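Contents: one structure, followed by commentary.
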Amino acid sequence: MHSILKKKGLSNQHQIDYRKLCKKLSINDLQNIFSFVFEQEVFSVLKKMCLKDSSCWSKTLVTAVLDDSIFRMWLKNDQLLADFDNCYGRFFSGQFGKVVSGAKILTFGLSINGVFYPMYFDFVKKSTDSIPKVEKSTEVAQRIVKKWHKFVQNALQKGVFIPKINFSCDSGYNDVTLSKVVDNCSLNYISVPKKSHIIEIYNRNGTKITIKLSVWIEKKFIQAEKRHKKKSSEPFTFRFRAKYCNQNRTVTFLAFRFNGSEKVSIIYTTNKNIHEKTLRKHWFQRTYIEQFFKLLKHVMQIQEARPSGKTDFFSKSAATLSLHFMPSF
């Protein structure tokens, strides 16, 4: 934090004043303040796009991305557990390959031409003996997506029309209720189904077939890919509509291999009219939020801090983000 402040030309006194201010604010106050800061930056970028020709939206790759990450965190003493009881816990971390103590933070932002703009953050609470029932990750995600919808409505009141954009999330957020919220909040839902899930399709003679996605890949995709390779050297993809039985609705699936991988990837969207290349491009924009998390952990080293309380942890994290991403902050 000190090195970032110094780089921005701010003295230690600014940091002291900032800490005094944060002590007077709740977590919700801090979230609202920093969300407002991030919204102003995103609004400025989108407003410039809206001033251009409407074709700008098809030429500029704008994707809403949502994902969570585990931030390992060491507390200064056990007495702080009471302050963190609704967000601090033990989660499995892909970074460390094991269960670690820390916080699970859900992030929503926009990827605009390869630049990731964070907008909203929230803790995914861990159930404990004292708090046995908490919100699921997908329920927290619904709340955050609704904030985006409110942002779009407020922008429209200011004369800035933001068209419906694509929304990319991984298999952890493959949830029918979340997808309905997304579709109703000026976004097109894109996610990853489980290969153990069942789909319903029709073969050439019109017979209805109910089959696992994993079996469909073996029997349909791989066989069609072999026939394709005899005629062309181009990568093979398979786009089709089918009933997603686990969600009781018809969606658009896309199966492909990424850069010649042995693994067959499959994604789906509730948007029935999206083109194959467009679907793939927007899906892969989620890699920018993964890079964003790596930046926080490895470059900014947020996990190295030992917070003296939940407010302290959030304010340090949010302020670091603001100073790094928002030159006007």
Side-chain angles (χ1 to χ4, degrees), residues 8 10 18 21-22 25-67 105-123 139-169 173 178-190 269-271 273-274 278 281-282 285-286 288-289 292 314-315 317-329:
K8 296 296 181 179
L10 300 174
Y18 172 72
L21 173 63
C22 287
L25 301 174
S26 67
I27 285 294
N28 287 336
D29 291 332
L30 287 166
Q31 284 179 308
N32 290 335
I33 289 171
F34 287 105
S35 291
F36 177 78
V37 173
F38 298 138
E39 283 180 339
Q40 297 312 299
E41 184 71 12
V42 172
F43 179 78
S44 176
V45 174
L46 297 182
K47 183 178 181 180
K48 291 177 182 177
M49 290 179 60
C50 290
L51 293 175
K52 299 178 182 179
D53 188 84
S54 58
S55 63
C56 170
W57 288 97
S58 60
K59 296 176 182 178
T60 305
L61 199 58
V62 181
T63 311
V65 189
L66 179 139
D67 202 359
I105 300 180
L106 184 63
T107 304
F108 175 99
L110 292 191
S111 172
I112 305 176
N113 271 352
V115 178
F116 182 72
Y117 295 84
M119 291 188 71
Y120 306 114
F121 300 85
D122 208 343
F123 293 104
E139 292 172 331
V140 178
Q142 291 173 42
R143 250 189 313 110
I144 288 181
V145 168
K146 289 175 182 177
K147 289 183 179 181
W148 162 258
H149 188 51
K150 186 176 180 180
F151 170 80
V152 172
Q153 292 176 322
N154 290 338
L156 185 60
Q157 292 178 357
K158 297 176 183 177
V160 176
F161 172 71
I162 302 173
K164 200 169 187 178
I165 63 176
N166 291 294
F167 169 94
S168 176
C169 62
Y173 293 90
L178 173 60
S179 70
K180 289 178 179 179
V181 172
V182 167
D183 289 336
N184 289 329
C185 290
S186 303
L187 298 165
N188 293 317
Y189 182 80
I190 302 171
T269 179
T270 52
N271 183 355
N273 300 313
I274 192 170
T278 304
K281 282 181 179 179
H282 286 287
Q285 291 305 296
R286 61 178 307 278
Y288 288 103
I289 198 170
F292 171 70
F314 185 87
S315 61
S317 303
T320 303
L321 293 174
S322 298
L323 288 166
H324 185 82
F325 287 99
M326 312 299 169
S328 58
F329 177 70

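Note that the structure is predicted; figures quoted are calculated from it, not measured. Numbering of residues begins at 1 and proceeds along the displayed sequence.
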Return the minimal non-hydrogen interatomic distance between [X] and [Y], and the atom names on each side.
| X | Y | answer |
| --- | --- | --- |
| V65 | F116 | CB-CE1, 4.3 Å |
| W148 | S186 | NE1-O, 4.0 Å |
| F292 | T107 | CE2-CG2, 4.1 Å |
| V145 | C185 | CG1-CB, 3.8 Å |
| F121 | I144 | C-CD1, 4.4 Å |
| L110 | A64 | CD2-CA, 3.6 Å |

Please enumerate all residues that pass side-chain hydrogen bond (donor to acceptor under 3.5 Å, both in side chains) together with [X], with sequence neighbours excluded.
| X | result |
| --- | --- |
| Y288 | none |
| D67 | R286 |
| E39 | Y120 |

From [X] [atom1] over to [Y] [atom2], what is the distance, rounded to the nearest 0.5 angstrom?
| X | Y | atom1 | atom2 | result |
| --- | --- | --- | --- | --- |
| L51 | L46 | CG | CG | 11.0 Å |
| M49 | K59 | CE | NZ | 11.5 Å |
| I190 | S179 | CD1 | OG | 12.5 Å |
| T60 | I112 | OG1 | CD1 | 9.0 Å |
| K281 | L61 | NZ | CG | 7.0 Å |
| F108 | M119 | CZ | CE | 6.5 Å |

> So, do Y173 and V182 sit near enough that their side-chain heavy atoms are less than 4.5 Å apart?
Replying inline: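 Result no, sub-4.5 Å side-chain heavy-atom pair not found.
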
> Heavy-atom count around K147 NZ within 6.0 Å, excluding the residue itself: above 12?
Replying inline: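 Above 12, so yes.
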
> Can you check side chain to side chain donor-acceptor pair (under 3.5 Å) on Q285 and S111, steps first, answer last?
Replying inline: CA-CA 7 Å; Q285 291 305 296; S111 172; 2.9 Å; yes

Show every donor-acceptor pair shorter than 3.5 Å between a side-chain atom in residues 150-169 and any protein atom, with sequence neighbours excluded, or say none if there are none.
residue: Q153; atom: NE2; partner: H149; partner atom: NE2; Å: 3.4
residue: N154; atom: ND2; partner: K150; partner atom: O; Å: 3.3
residue: K164; atom: NZ; partner: D183; partner atom: O; Å: 3.1
residue: N166; atom: ND2; partner: H282; partner atom: NE2; Å: 3.2
residue: S168; atom: OG; partner: W283; partner atom: O; Å: 3.0

